[in-house]
Number of protein chains: 2
Amino acid sequence: MNKTKDTTTEFEILNAAKRIFQHKGMAGARMQEIADEAGINKAMLHYYYRSKQLLFEAVFKKAFSMIAPQLNDILNSDLSICEKIRDFSNNYISFVIKHPYLPNFIIQELNRSPEFIQKLLAEKHFPNIEKFRKQVDNKIAEGIIRPIKAEQLFINIMALNIFPFIGAPLLKGLTNVDDKTYKKLMIERKTEVADFIINSIKLT
Amino acid sequence: MNKTKDTTTEFEILNAAKRIFQHKGMAGARMQEIADEAGINKAMLHYYYRSKQLLFEAVFKKAFSMIAPQLNDILNSDLSICEKIRDFSNNYISFVIKHPYLPNFIIQELNRSPEFIQKLLAEKHFPNIEKFRKQVDNKIAEGIIRPIKAEQLFINIMALNIFPFIGAPLLKGLTNVDDKTYKKLMIERKTEVADFIINSIKLT
DNA sequence: AAAAAGTTTAACCAAATGGTTAACAAAAGT
DNA sequence: ACTTTTGTTAACCATTTGGTTAAACTTTTT
């Protein structure tokens, strides 16, 4: 009853909304612009999603669900720390090159309404640092990596991978490189970031 | 003619605008809200700054002028690389703990209108990477630090210092720490970040 | 084929928003 | 003293914005 053409509209709305919201944020996005982007009447947005807020939340949750599994990889997989770092840096950077507005969108809207993270935390597969902390503490005890708080290491991994995309306009300006060269730098970072981290923590 | 009480209003507007814009961004901020925050009539905003856009630009430029000198410290001072990294991490993190909304505001608005960076680039004391690049390349040639592109090292320094504040809501959620503990982590980072970077690049 | 349910549109609406105006008050200049 | 300039306010305005409605069209059900 809703698997043929019907779903198309609902899906197109979500996609159009994704593009507009990710570019302009909740406050900057206009319902009319989303409707135009989807090529449909504005009333349809309300027909399928009731309000701007609910449409936004649908977009946000979808965006977050694309990132969360990657965070789970580093927090909950059974690989060694170094393998995790290499895998994550490689996968995440490849992913974001394809979806350049995603991280900024998520970070930005979480800053605008930090209470939103509580809704996400409540969901079942929300990534959690506990396993990673134990792993790091063990490896430190074994003398394999330098002493460092698991939280700090995790923050460093996130920072080195995520920030170059969020801060791209600023970094492009400061390093004085054009878009093409900057993209090359990002591709280099797929391995560069992991090397940088591992050089810092590895003892052997 | 405008140094006594007159300037106070203009100054109060700028301060109120700073608070509102930094919280809500250009799109989310309301002129009425800024006027209320400043405790004055909305017409005064236009009397002193003509339009929302111009008021915003005044706020943005002021914000950027508070950050730029710190970037210059790492790019153009005469200290050694390690000293620069230690100084910058320490100073920058201390600074941002006092002005927690600043980096997010700047990064966010640069993403929203990347052409804005061109206006900033044109200004005389805009930080530039050239000197830093030569310094890094020399130290690599001398065998003092590991081979790394100056741009990548610079991006790493920025990422490790700036991201923990921009990504705070997400990182607090993922690491499952409360605000107070997170702030402690940030204070630790004044030295932690520098150690982490130097461990990674130092050869001797 | 007729009724029912679901989808789409154009026109409309009230509230919010950036900006203006005209009148008034306070300083400053003469 | 009084004129001019500067600062301030309340009321107002045009446009934009999120959201609604009623009617039309399409698909599904019976």
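Throughout, a chain's letter reflects where its sequence line sits, starting with A, and its residues are numbered from 1.
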Counting side-chain heavy atoms from CB outward, which of dT8(C), dT20(D), dG18(C) is closest to His46(A)? dT20(D)
Measure from the side chain of Ala43(B), starting at C-beta and using heavy atoms only, and say which of dT20(D), dT21(C), dT8(C) lies closest. dT21(C)
Could you state the [atom1]-[atom2] distance from [X] to [N], rounded to the nearest angstrom?
{"X": "Asn41(B)", "N": "dT21(C)", "atom1": "CG", "atom2": "P", "result": "15 Å"}
{"X": "Glu10(B)", "N": "dG7(D)", "atom1": "CD", "atom2": "P", "result": "9 Å"}
{"X": "Lys52(A)", "N": "dA15(C)", "atom1": "NZ", "atom2": "C1'", "result": "14 Å"}
{"X": "Leu54(A)", "N": "dG18(D)", "atom1": "CG", "atom2": "C1'", "result": "13 Å"}
{"X": "Ile20(B)", "N": "dG18(C)", "atom1": "CD1", "atom2": "P", "result": "12 Å"}
{"X": "Lys42(B)", "N": "dT9(D)", "atom1": "NZ", "atom2": "P", "result": "13 Å"}
{"X": "Lys24(A)", "N": "dG18(D)", "atom1": "NZ", "atom2": "P", "result": "12 Å"}
{"X": "Phe56(B)", "N": "dG18(C)", "atom1": "CZ", "atom2": "P", "result": "14 Å"}

Can you find a side chain N or O atom of [X] that sits less than 4.0 Å from OP1 or OP2 on [N]?
{"X": "Thr9(A)", "N": "dT7(C)", "value": "no"}
{"X": "Tyr47(A)", "N": "dT20(D)", "value": "no"}
{"X": "Arg30(B)", "N": "dG18(C)", "value": "yes"}

Between Lys149(B) and Glu192(A), is a salt bridge (charged side-chain N to carboxylate O under 4.0 Å, His left out) present by the stated rule, with each step listed? CA-CA 10 Å; Lys149(B) 273 195 190 170; Glu192(A) 174 72 40; over 6 Å; no
Tell me if the NZ atom of Lys24(B) is crowded by more than 12 foreign heavy atoms within 6.0 Å. no
Whether over 12 other heavy atoms sit under 6.0 Å from His46(B) NE2: yes
Under 4.0 Å between any heavy atoms, over every strand shown, what does [X] touch: base, sugar-phosphate, or nothing? Just pick one.
{"X": "Ala35(A)", "result": "nothing"}
{"X": "Met31(B)", "result": "sugar-phosphate"}
{"X": "Ala27(B)", "result": "nothing"}

Please tell me whether Asn156(B) and Arg189(A) have a donor and an acceptor in their side chains that are separated by less than 3.5 angstrom. yes
Identify whether NZ of Lys or CZ of Arg in Lys119(A) sits under 6.0 Å from the centre of the six-membered ring of Phe116(A) and within 45° of that ring's axis. yes
